[in-house]
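A short worksheet on the structure shown next.
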Amino acid sequence: MTLEQQIQEDIKAAMKAKDTVAMNATRAIKGEILLFKTSEGGSKEVTDGDILKMIQKLVKQRREAAGQYAAAGRQELADNELAEAAVMEKYMPKQLSVEEVRSKVQEIIARVGASSIKDMGKVMGAANKELAGQSDGRTISTVVKELLS
């Protein structure tokens, strides 16, 4: 079962259970998938990797919105955003620690033969592909800069 099919099944389950938080979260993911499929230049086939990137973006948006709501004194809205983020995160693989990212990036650097900061683009391309959904781009970038400097 693909991730897209799993999300569709979870939408049905959330509707039957009348779980509005899960329903809203899974529908948001489904909406992103539909936008991706119909966007100009978007491929008609969506991979699990593409979906993981979408979910990662949606979780980040929810967390930022929750922070803004909390700062504005609207804790009930912040709690709702965080609950939706938690539902979305269950589709993502376990996030790697910084040490795990560092060891994977060291392997990638050795494989592509990078030696200086000038090779950062090659390393980042390979690292983003391999670590998609397992770590955010900012962490990967920081580790690559640190190792190549």
Side-chain angles (χ1 to χ4, degrees), residues 1-69 78-148:
M1 178 180 286
T2 66
L3 194 53
E4 184 177 8
Q5 292 168 333
Q6 178 64 45
I7 290 166
Q8 188 62 42
E9 291 300 315
D10 290 348
I11 289 172
K12 290 177 190 173
M15 289 170 76
K16 287 178 182 174
K18 296 186 184 347
D19 182 351
T20 57
V21 172
M23 191 169 47
N24 290 338
T26 51
R27 281 183 171 168
I29 297 168
K30 183 69 175 174
E32 283 292 316
I33 293 169
L34 290 173
L35 281 174
F36 181 83
K37 284 182 172 182
T38 58
S39 67
E40 191 141 340
S43 63
K44 297 298 175 199
E45 277 303 309
V46 62
T47 65
D48 283 355
D50 294 331
I51 295 173
L52 288 175
K53 287 179 189 172
M54 291 175 215
I55 294 172
Q56 203 169 27
K57 182 182 93 174
L58 288 169
V59 168
K60 183 179 178 186
Q61 287 174 346
R62 296 295 186 283
R63 293 202 182 286
E64 288 172 357
Q68 291 174 353
Y69 285 138
D79 292 343
N80 187 50
E81 292 290 329
L82 292 174
E84 284 187 20
V87 169
M88 291 175 181
E89 283 177 333
K90 77 176 186 177
Y91 297 106
M92 297 184 62
K94 181 181 113 5
Q95 295 293 296
L96 298 175
S97 69
V98 176
E99 291 77 28
E100 291 170 320
V101 172
R102 184 172 286 116
S103 71
K104 297 236 185 221
V105 169
Q106 285 172 335
E107 293 171 15
I108 293 167
I109 289 172
R111 191 173 57 234
V112 299
S115 58
S116 71
I117 198 74
K118 291 179 184 174
D119 299 319
M120 185 170 173
K122 286 195 288 188
V123 176
M124 283 298 296
N128 281 333
K129 272 187 182 171
E130 279 189 39
L131 303 175
Q134 297 177 335
S135 181
D136 66 329
R138 181 175 291 141
T139 304
I140 296 170
S141 176
T142 304
V143 169
V144 169
K145 283 180 190 171
E146 176 186 310
L147 293 174
L148 290 178

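Residue numbers start at 1 and run along the sequence shown. Here the structure is a predicted model, which means the values were calculated and not measured.
Minimum interatomic distance between I140 and M124 (heavy atoms only, all atoms of both residues): CG2-SD, 3.9 Å. The two atoms that bring A126 and I108 nearest to each other are CB-CG2, 3.7 Å, heavy atoms only. Nearest heavy atoms, A14 versus M23: CB-N, 3.7 Å. Across all their heavy atoms, E84 and A25 have their closest contact at O-CB, 3.7 Å. For the residue pair K122 and V112, the shortest heavy atom distance occurs at NZ-O, 4.2 Å. Minimum interatomic distance between T142 and R138 (heavy atoms only, all atoms of both residues): OG1-O, 2.8 Å.
Q5 pairs with exactly one of L3, I7, T2 by the side chain to side chain contact (heavy atoms under 4.5 Å, CB included) rule, that one being T2.
Under the 4.5 Å side-chain criterion, counting only non-hydrogen atoms from C-beta, M88 is not in contact with Q61. The shortest distance between side-chain heavy atoms of K57 and E32 falls below 4.5 Å. Between M1 and Q8, the closest side-chain pair of non-hydrogen atoms is not below 4.5 Å.
How far CD1 of I11 is from NZ of K30: 6.5 Å, rounded to the nearest 0.5 Å. Distance check, rounded to the nearest 0.5 Å: CG of L147 to CD1 of I117 gives 9.5 Å. Distance NZ/K145 to OG/S141: 4.0 Å, rounded to 0.5 Å. Atom NZ of K53 is separated from atom CG of D48 by 12.5 Å, given to the nearest 0.5 angstrom. The CD1 atom of I109 lies 4.0 Å from the CG atom of L148; values are rounded to the nearest 0.5 Å. For the atom pair OG1 (T26) and CD1 (I55), the distance works out to 10.5 Å, reported to the nearest 0.5 Å.
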*Which is it for V46 and M54 under the side-chain contact (heavy atoms from CB on, under 4.5 Å) test, yes or no, and what are the steps along the way?*
CA-CA 11 Å; V46 62; M54 291 175 215; 3.8 Å; yes
*asked:* Checking D10 against Y91 for the side chain to side chain donor-acceptor pair (under 3.5 Å) test, could you report, in this order, the C-alpha distance in whole Å, the side-chain angles of both residues, the deciding distance, and whether it holds?
replied: CA-CA 11 Å; D10 290 348; Y91 297 106; 2.5 Å; yes
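Here E89 pairs with R63 in a salt bridge; the nearest charged N to carboxylate O distance falls below 4.0 Å. By the 4.0 Å N-to-carboxylate-O rule, K12 lies close enough to E9 to be salt-bridged with it.
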